[in-house]
Amino acid sequence: MDVTSRSRLHRGGSILKRCTGVILATALLAMPATALDQVEDFGSNPGALDMFLHLPPGDTTGLPLVVAMHGCTQSAGGFDDETGLAALAESAGFVLLLPQQRTENNEIDCFNWFEPEDNEPNIGESASIAAMIDHAVATLGVDESRIFVLGLSAGGAMTAVMMANYPERFAAGAIIAGLPYGCNHPFGLSSGLWYWFNVVFGEAAAATYSCGLRGYQASDRGAEEWANFVLDALGRTPASWPRVSIWHGDADETVDVANLRELVEQWTALHGIDATPDSQTTDAESGTIRETYVDGTGSVLVETHLLPGYPHAFPINPNGTPPCGTDEPFIIDAKSCAARQVIDFFGIGP
């Protein structure tokens, strides 16, 4: 493994309050964090991102690979054990790859999901993350048929980007408090409003309103239109699409919960199934409502988890059996362990 440095990541204790891109957020509080392996030379890095790994004990040959992307103001080191993913990597046996944004790319460390030079195939941040995956395959011998991706908020948006840009690369993905691919298309706003938002607040703020992230839905886009955003960027019809798990709190004041439905329309259309749920269940402890969308064989291709009263955050269950995650800003007790349920959905649970 070409690991050129061992790094202990820490999070700052200052408070930031700025509205750019996906969220209006406070910076993470300073506290100890897990030691991660940083890979400084993983190949082409046009998006200027950093790569970190959390490796389970023993040989990594043939193990699954899970790519996990943090939200704005977060870091790789603030997203591995806090979400419960690191413990699952060790108990279930998978390699955890954590891309990390640099402040010089985005002042509050959001992945630039809204930038055309970063969210299309083989360029920018999209290409950098793909290079990290290629490096893990080549040096760690992970199973190429079991590569998965997940993310929160801006990381959830970037998860949609990666699945849209490289659909055959991923067996499945999970978008947590995220949004559909292509929602930053400027025609969602009039050209005058787009120009005004772009000039005054920056393109991220314009994309925020266009995507309906803060309660403003610019247009009612249909399933076919959502699917075409992906197909147009990809330029072809792939051999397969990843299965998708979608999570959202209905009290999210940062990323409008309406985006859950838009994501359903986008990914059911790409899979060629209808956007009417085939089953609905409610968890007795958390109240989470799960809906599934299946193909003709009964296989679940898309699922949603709607969390009542839950804000903009990654759902954890620190008092569960076993415990899952640690309460942090944007990583909050939901009496539901999203990491464990997502890993089960991927088919690689303990």
Side-chain angles (χ1 to χ4, degrees), residues 1-3 34 36-39 42-43 51-70 76-77 79-100 126 128-152 155-156 158-176 178 238-247 267 271 299-303 305 314-316 322 324-325 337-350:
M1 179 178 64
D2 180 20
V3 175
T34 298
L36 296 176
D37 290 314
Q38 181 172 8
V39 182
F42 54 83
M51 174 181 178
F52 293 90
L53 291 169
H54 182 100
L55 302 176
D59 186 10
T60 59
T61 303
L63 293 184
L65 175 69
V66 175
V67 182
M69 289 184 280
H70 63 78
F79 201 68
D80 56 349
D81 31 342
E82 290 81 353
T83 57
L85 285 167
L88 282 165
E90 296 180 8
S91 62
F94 60 83
V95 172
L96 186 59
L97 164 60
L98 298 117
Q100 180 173 282
S126 169
S128 290
I129 297 165
M132 296 178 195
I133 295 169
D134 291 343
H135 181 87
V137 170
T139 61
L140 300 176
V142 296
D143 184 351
E144 288 193 78
S145 70
R146 294 190 295 165
I147 297 176
F148 308 92
V149 60
L150 65 89
L152 166 69
M158 207 66 193
T159 295
V161 168
M162 295 305 294
M163 291 192 296
N165 287 179
Y166 314 98
E168 293 114 329
R169 200 64 163 134
F170 301 103
I175 300 168
I176 300 160
S240 62
W241 295 103
R243 296 182 301 115
V244 185
S245 180
I246 304 163
W247 292 68
W267 287 97
H271 276 289
S299 298
V300 177
L301 301 183
V302 177
E303 68 167 15
H305 295 256
F314 192 105
I316 58 171
C324 165
C337 180
R340 186 175 296 118
Q341 292 183 62
V342 164
I343 294 304
D344 286 344
F345 177 77
F346 290 169
I348 57 171

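Along the sequence shown, residues are numbered consecutively beginning with 1.
When atom types are taken as modelled, the side chain of T61 and the backbone of G141 share no donor-acceptor pair closer than 3.5 angstrom. Within the 3.5 Å criterion, the main-chain N or O of P242 finds a donor-acceptor partner in the side chain of H271.
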Checklist entry - What do the steps show when you test L150 against F314 for side-chain contact (heavy atoms from CB on, under 4.5 Å), and what is the final call? => result CA-CA 11 Å; L150 65 89; F314 192 105; 4.3 Å; yes
Next on the checklist: As a quick check of understanding, evaluate side-chain contact (heavy atoms from CB on, under 4.5 Å) for I129 and V161, giving each step before the final call.
Outcome noted: CA-CA 11 Å; I129 297 165; V161 168; over 6 Å; no
Checklist entry - side-chain contact (heavy atoms from CB on, under 4.5 Å) between V66 and V342: does it pass, once the steps are laid out? => result CA-CA 11 Å; V66 175; V342 164; over 6 Å; no
Item to check | Check against side-chain contact (heavy atoms from CB on, under 4.5 Å), F170 and T159 | outcome: CA-CA 10 Å; F170 301 103; T159 295; over 6 Å; no
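Expressed to the nearest 0.5 Å, how far CD1 of I246 lies from CD1 of I176 amounts to 11.0 Å. With values rounded to the nearest 0.5 angstrom, T83 atom OG1 is found 9.5 Å from L152 atom CG. Note: D134 CG to F42 CZ = 11.0 Å, rounded to the nearest 0.5 Å. From D143, atom CG reaches atom OG1 of T60 across 11.5 Å, with rounding to the nearest 0.5 Å. One finds the CG atom of L36 at 4.5 Å from the CG atom of D80 (value rounded to the nearest 0.5 Å). Going from atom CG of L85 over to atom CD1 of I343 covers 6.0 Å, rounded to the nearest 0.5 Å.
The two residues L96 and A68 come nearest to each other via the heavy atoms CD1-CB, 3.9 Å. The shortest heavy-atom contact between A339 and G84 is CB-C, 4.3 Å. Of all heavy-atom pairs spanning F94 and I348, the tightest one is CD2-CD1, 4.1 Å. Counting all heavy atoms, side chain and backbone alike, S126 lies closest to M162 at O-CE, 3.6 Å. Nearest heavy-atom pair, G349 versus A92, reported as atom, atom and distance to 0.1 Å: C-CB, 4.0 Å. Closest non-hydrogen pair, A136 versus L65, comes out as CB-CD2, 4.0 Å.
Here the side chains of R340 and L88 are in contact, with some heavy-atom distance below 4.5 Å. In this structure, the side chains of V39 and T139 stay at 4.5 Å or more apart for every pair of heavy atoms. The shortest distance between side-chain heavy atoms of L97 and H135 does not fall below 4.5 Å. You'll find the side chain of P56 reaches within 4.5 Å of the side chain of V95, heavy atoms only. Taking the side chain as every heavy atom from C-beta outward, V67 and M132 never approach each other to under 4.5 Å.
Partners of E168 according to the salt bridge (Lys or Arg N to Asp or Glu O under 4.0 Å) rule, which considers only residues two or more places apart in sequence or in another chain, are R236. Listed by chain and number, the residues in a ring-ring contact (aromatic ring centres under 6.0 Å, His included) with F148 are F346 (sequence neighbours excluded).
Sorted by first and then second residue, the pairs that involve residues 238-247 and meet side-chain hydrogen bond (donor to acceptor under 3.5 Å, both in side chains), not counting sequence neighbours, are S245-W247, S245-E303.
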